[in-house]
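Below, read A as the first sequence line, B as the second, and so on, with proteins coming before strands; counting in each chain starts at 1.
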Amino acid sequence: MSVIAVKLPDGSSRSLPEGATVRDLAAAIGAGLAKAAIAGKVNGELVDVYAPLTDAAEVAIITDKSAEGLDIIRHSTSHLMAQAVKALFPAAKVTIGPSIETGFYYDFDVEQPFSPEDLEKIEEKMRELAKADIPIRREQLSKDDAIVLFKDMGEDYKVEIISDLDADTVSLYRQGDFVDLCRGPHLPSTSWCKAFKITSIAGAYWRGNENNRMLQRVYGTAFSDKKELDAYLERLEEAKRRDHRKLGRELDLFSFSDEVGAGFAIWHPKGALLRTIIEDFERKEHLKRDYDIVVGPQILKTELWQRSGHYENYRENMYFTEVDEQGFGIKPMNCLSHMMIYKSHLRSYRDLPLRFFELGTVHRHERAGVLHGLLRVRCFTQDDAHILCTPEQLDSEIKGVISFVNDVMGIFGFQYEMELSTRPDKSIGSDEDWERATNALLGALKDSGREFEINEGDGAFYGPKIDIKLRDCLDRRWQCATIQCDFTLPERFDLTYVDANGERKRPVMVHRVILGSIERFIGVLIEHFAGNFPVWLSPVQAMVMTVTDSQQPYAQQVYETLRGAGIRVQKDFRNEKLGFKIREAQLQKVPYMLVIGDREVETATVTPRFRDGSNLEPMKADSFAEFIIKESANHK
RNA sequence: GCCGUUGUGGCUCAGGGGUAGAGCAGCUCACUCGUAAUGAGCAGGUCGUCGGUUCGAUUCCGACCAACGGCUCCA
């Protein structure tokens, strides 16, 4: 019998008998590894443990410790779920079932949508099949044979997928009587699915196209062991506890009302104060960076929207009204008035760049099913700016915005990632303009030295964009900041400036937001801090509370001193037990509580108690005010 | 917009073909109290909206509205 030699990741090589598989290799290295091997990577390609090795191949063993291993576990678990569904509902047609970031899903075409009880049955069946330890084996078939096979089984979707494939042969995976078209690799057998849970069910269009039939998508998650699964489920619970819709109500920040209308938040005093703090911060930061604050109206004539292209491309998202037989569009974006401000003067190249900043409130008619708390609303305020500059200034302006984003994200304590989105199908403007704009963004991204991704066809209709996704403390990503190039609007509005030679030139425009929508940003902020806002953002920074009625006069003095110093302070002089007042302030997540008892009255001090239960040293009320002011200035 | 689930007092939830209950919050009274809930009493709902079935609907049926979980779309 001849012998082959394979190379391992550490550079060493191993001799194996011809026909040896990945599993054999793992066994040759050690019994522990053989037990942990769920797949292999041969010459950079993932394969099953049953895959035979070839001479001189570079081989790595994949275990459940790696991201690739987890991916395979999830993918195989989705197959296990499909097997269970076919066993319980033979009429169900299988479609696709990939692993995703948080687990996996499988889409089924069924006459009757699954009920919660069905899901329980499916999960139970999955356990049963996993326990049976059914081997999962790969088969290779010609395309035509595969089509016949799936046609005979009535799996029309699989037939469609295979027919679209550009290959002569396809691979199948068989586990018991269940067969699925799949590239693989998969786990050695079903018993390797050890820790999984079906999490939810939802409708999903076949191939993601809303004109197609709606399928039933069953979501689940899987991990290499129970402990990690439990940790994930606990994280879901934590996310639920932090849900900004729940905290928004509990902290009395905002609400929604049927009578007001879907997607329109109403801001209660504490929420409105939080907004104001953020908005004041933004004005200050923009003025620091040479932006000009501007303000435009809420509705503008329909003809203006026609001229800008919004009427053509964005009409279905806009609200329209009529006043004195004149049509108006409620603004879904702030750019138009900024354009008109630019046009109000003859501009020189010496004026540029011009940076117009507006905390602009916009209305967008979002489809009913997409609304979600503050994260997706129909009326929101953007920290919007339009930069008008010469083509030569474009690069440095974009870099300036990226650095602005970096500063602000640092202050709020968010990590972030950047993505470049290119020209979509529905768009306006010439190919040359698109290319120029895309290159400008690409150049700035490369210069930033940070990693970024490219989303083909994801740009706005008027230009390419950089999207910035911040990452919260639960590692979730949120789209907030965006930087969008626009060579089209200056053209449509015939914006010009006079260059050094006295010639009329066309400026370039950049739309950009830093926080994006104040609403969405606050939603993210609430969840990120679980409502425990840092002192500089807390709508109520301190609560003065008395032990008994007798301390009221002094407590009132403390309250007035702090109010006078600009501290956001409230008082609780109710005739309640101290424990009760502390509990309430604690639930309201107020950072500092100032308990005023006889001790404080006698020494004319306050003893600040932080919401984590720790105390500061007793101090005079004005020292406490200074302390809060200093903390706030440092964005603590 | 599409699929599924849900809709009972401010909040969390029970109930169910014969015109509704609990806890918390609210109000009143007593207690004057030192770091996460003092006690007692009172009040509060045309059971999401509009139709239909029925002697009778909050309960059954239908439509609409809204919320929730997704899909598609997006700041």
Point to revise | Under 3.5 Å on both distances, the Watson-Crick or G-U partner of B/G45 | key: none
Practice item. Could you say whether A/H365 or A/V377 is positioned toward the 5' end of RNA chain B, judged by the nucleotide with the nearest heavy atom to each? Key: A/H365
Exercise for review: Can you figure out which of B/A75, B/G4, B/A67 approaches the side chain of A/P113 most closely?
Suggested key: B/G4
Practice item. Under the ring pair (Phe, Tyr, Trp, His ring centres under 6.0 Å) rule, collect the residues that match up with A/W267, sequence neighbours excluded. Key: A/F254
Review point. Can you tell me the Watson-Crick or wobble partner of B/G62, both distances under 3.5 angstrom?
Key: B/C50
Point to revise | Nearest-Å distance once atom P is located in both B/U6 and B/G21 | key: 25 Å
Please list every donor-acceptor pair under 3.5 Å in which a side-chain atom of residues 199-207 of chain A meets a protein atom from a residue at least two apart or in another chain.
unit_1, atom_1, unit_2, atom_2, d
A/T199, OG1, A/Y219, O, 3.2
A/W206, NE1, A/E160, OE2, 3.4
A/R207, NH1, A/E160, OE2, 3.3
A/R207, NH1, A/D164, OD2, 2.8
A/R207, NH2, A/D164, OD2, 3.4

Practice item. Could you please name the option among B/C74, B/G70, B/U35 that lies closest to any side-chain atom of A/V595? Key: B/U35
**Study point:** Contacts of A/H511 that satisfy side-chain contact (heavy atoms from CB on, under 4.5 Å) - sequence neighbours left out
**Key:** A/C335, A/H386, A/Y462, A/Q484, A/D486, A/L489, A/M509
Check your understanding: Ring centroid separation for A/F264 and A/F256, is it under 6.0 angstrom?
Key -> no
Practice item. Write down the distance separating the P atoms in B/U72 and B/C13, rounded off to the nearest Å. Key: 30 Å
Check your understanding: Is A/E419 salt-bridged to A/K465, going by a charged N under 4.0 Å from an acidic O?
Key -> no
Check your understanding: So, A/F196 versus A/F104, ring centres under 6.0 angstrom or not?
Key -> no
Exercise for review: May I ask you to check whether A/F412 and A/F281 place their ring centers less than 6.0 Å from one another?
Suggested key: yes
Exercise for review: May I ask you to check whether A/H363 and A/F380 place their ring centres under 6.0 Å from each other?
Suggested key: no
Review point. Using the P atom in both, what is the distance from B/U49 to B/G7, to the nearest Å?
Key: 13 Å
Check your understanding: Looking at residues 205-220 of chain A, who's got a heavy atom less than 4.0 Å off RNA chain B?
Key -> A/Y205, A/G208, A/E210, A/M214, A/Q216, A/R217, A/Y219
Check your understanding: Considering only the C1' atoms, how many Å lie between B/A20 and B/G15, rounded to the nearest integer?
Key -> 8 Å
**Study point:** Separation of the C1' atoms in B/U19 and B/U32, to the nearest angstrom
**Key:** 47 Å
Practice item. Treat primed atoms plus P, OP1 and OP2 as sugar-phosphate and everything else as base, then score nucleotides 58-65 of chain B 5' to 3': B for base contact with protein heavy atoms under 4.0 Å, S for sugar-phosphate contact only, - for none. Key: --------
Check your understanding: Distance between the C1' atoms of B/A75 and B/G23, in whole angstroms?
Key -> 40 Å
Review point. When you check every protein heavy atom under 4.0 Å of nucleotides 36-44 of chain B, what one-letter string (B, S, -) results, 5' to 3'?
Key: BBB------
Practice item. State yes or no: are the ring centers of A/Y291 and A/F356 separated by less than 6.0 Å? Key: no
Practice item. Respond yes when some side-chain nitrogen or oxygen of A/R245 is under 4.0 Å from OP1 or OP2 of B/C68, and no when none is. Key: yes
Check your understanding: Do the side-chain N or O atoms of A/H372 get closer than 4.0 angstrom to the phosphate oxygens (OP1, OP2) of B/C74?
Key -> no
Check your understanding: What distance, rounded to whole Å, do you find between the two P atoms, one in B/C61 and one in B/U5?
Key -> 12 Å
Revision key, fill the gap. Residue pair A/S517/A/T548 against RNA chain B: nearer the 5' end by closest nucleotide is A/T548
